[in-house]
Amino acid sequence: MNRGRELDDILDDCLERLARGEGVAECVGRYPEHAEELAPLLEVAANTMQVASSVSYTLQAKERGLNRLTSALAQRGASRDRRFLWLAWRPSVVRPLVLGIVAALFATGTAFGTAMASSDSVPGDTLYWVKTKREQISLMLPRSDMDRAHLQIRLARVRGQEMSRLVARHRLPEAELVADRMKRHLNESAVFAGLITPTNPIDMPLLPAELQNRQNVIALMVRLEQDGGFLRVQLLELHRTMSPSERRRLDLLRRRSELAYVTFVSALEHGGSPSWGPLWRTMPPRSRHR
Amino acid sequence: MQSGTDAHTPDAVEGLVKKAQEGDAASFAGLYECFYGKVFRYVLFRTGNRVEAEDITEEVFLRMLESITSFKWKGYPFSAWLFRIAHNLVVDHYRKKGRQQAVSLDSATGVAGAPPDVDSELDLKMSLQEVYEAMGGLTKLQREVLTLRFASGLSVLETAQAMGKKENAVKALQHAAVKNLRAILVPRHRLSRESQGRASTMESLS
């Protein structure tokens, strides 16, 4: 131990003794080798301790503080004691567990709330990125091709709703961009449904096994007809609220959207017919398992 | 005016804290009784103003009430936790007031009730003022150590925990603080004695 550290300890020991009522001389006597250095310090310390500890408070102030504390305790008592204070005496294992569950529920609730709030957003809104991220995540989940086809149709419907909202806000240029995205979803759905096949029928049969199941085809068609019809009605209703120039633009937008749905339904309906052929052709063949 | 004994064993304090955590009103009152004087002296030495010290001390105990359930026995004493609250409130107080140093301890003594001995009260006031001013010449940490150790009577361990420092660091700060305090106080005492001497000489001459 170096000398400085030793003196720190000795001084501290002496201060503890002074606080317990021992005199300066007695303390110094315990450490004669440091007496010269200790004595003046202990004198100052003893004097300071005496002065500092003699600082008094008024009983009125103390009583006032106690009253405030008691009334605050009484106010909190009834509700807080019953609801939360039990956590204080729960076993140490249970408490973090409960708090963890509460935190998890809170986080889930917040995430769910944000997701819900973002569901009505349109491009340009603050929470729109949450909506698109959710969609991207949902696309990454493992599913069958037919499920993916359904999911893409659902996303096309979501784009259709965004289009309607944007049109209602007279933001037609943005609605046209969203219409393109809607068509891309329908296109993707067609890929997963097997309507878009490679040009070489030897590499790939014209219709995949899933699409040869008539039930699957009907399910897709019903969904597409419902969504296409709903979008058409919405855009027609908005037509009345538009200015003449906007109406022309909206009409074009509506017809193109309708065409995308109608073409897809027709392709499904006549998918087995050799006269219809594949809806779109891609080259080179695209993997359907992305 | 009371200086308070604040004599509670650590076990007694632990018992009070545990019961207070369960919402026992009497235990809150017990903790208040145990620590009021210590906290008040600490705050008074930090602010230098009796009225402000009383208000802040009240606030310290209200904070204690609010957050006592979050206090856990993890090897450090309850007093360290309580004085941490007091320290934070004093810091907040300064932040709000926008100043770093209180003015004086003029109102720190003899506020309520007639003092039993006017002369001794006057001496005490002068000494207190002197000590307070001298402590103003120390560094922040040194002042904090001496306030916690001498005014509030905390042990080195409690002081270390309240300041978030190691015991050895607190001992070193304490040593340096006492040394500096002496360096500030001794010349003043000398001057004061010399002036007193001159006054008595003048009196005898006249």
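What you see is a predicted model, and the numbers here were worked out from it, not measured in a lab. Atoms considered below: every heavy atom in the structure, side chains included; atoms not considered: hydrogens, waters and symmetry mates. The sequence lines fix the lettering, A, B, ..., with proteins before strands; numbering per chain opens at 1.
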State plainly whether the residues [X] and [Y] are in salt-bridge range, i.e. N to O under 4.0 Å.
X      : Y      : answer
B:R182 : A:E43  : no
A:K62  : B:E33  : yes
B:E59  : A:R68  : yes
A:D13  : B:K171 : no

Tell me the closest heavy-atom pair linking [X] and [Y], and the distance in Å.
X      : Y      : answer
A:A52  : B:A151 : CB-CA, 3.8 Å
A:L69  : B:F61  : CD1-O, 3.3 Å
A:S56  : B:R50  : O-NH2, 2.5 Å
B:V156 : A:E16  : N-OE2, 4.0 Å
B:Y32  : A:L66  : OH-N, 3.1 Å

Select, from A:L42, A:T48, A:T70, the one with the greatest count of heavy-atom pairs under 4.5 Å involving chain B. A:T48
What residue among A:D12, A:I10, A:L41 forms side chain to side chain contact (heavy atoms under 4.5 Å, CB included) with B:H175?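 By the side chain to side chain contact (heavy atoms under 4.5 Å, CB included) criterion, B:H175 pairs with just one of A:D12, A:I10, A:L41: A:L41.
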Under 4.5 Å between any side-chain heavy atoms of A:L15 and B:F150, yes or no? yes
Just wondering, do B:L185 and A:V44 contact through their side chains at under 4.5 Å, heavy atoms?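 Contact flag for A:V44/B:L185 side chains = yes.
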Might you work through the side-chain contact (heavy atoms from CB on, under 4.5 Å) test for B:R149 and A:M49, ending with a clear yes or no? CA-CA 9 Å; B:R149 293 279 287 127; A:M49 271 183 189; 5.8 Å; no
Residues B:L44, A:Y57; criterion side-chain contact (heavy atoms from CB on, under 4.5 Å); working and verdict: CA-CA 10 Å; B:L44 182 61; A:Y57 50 83; over 6 Å; no
Decide if atom OH of A:Y128 counts as having more than 12 heavy atoms of other residues, nucleotides or ligands within a radius under 6.0 Å.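 Yes - once you tally the heavy atoms of other residues, nucleotides and ligands closer than 6.0 Å, there are more than 12.
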Does A:E63 have more than 12 heavy atoms from other residues, nucleotides or ligands lying within 6.0 Å of its CD? no
Heavy-atom distance under 4.5 Å to chain B: side chain of A:A45, backbone, both or neither?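 Its backbone and side chain both get close to chain B.
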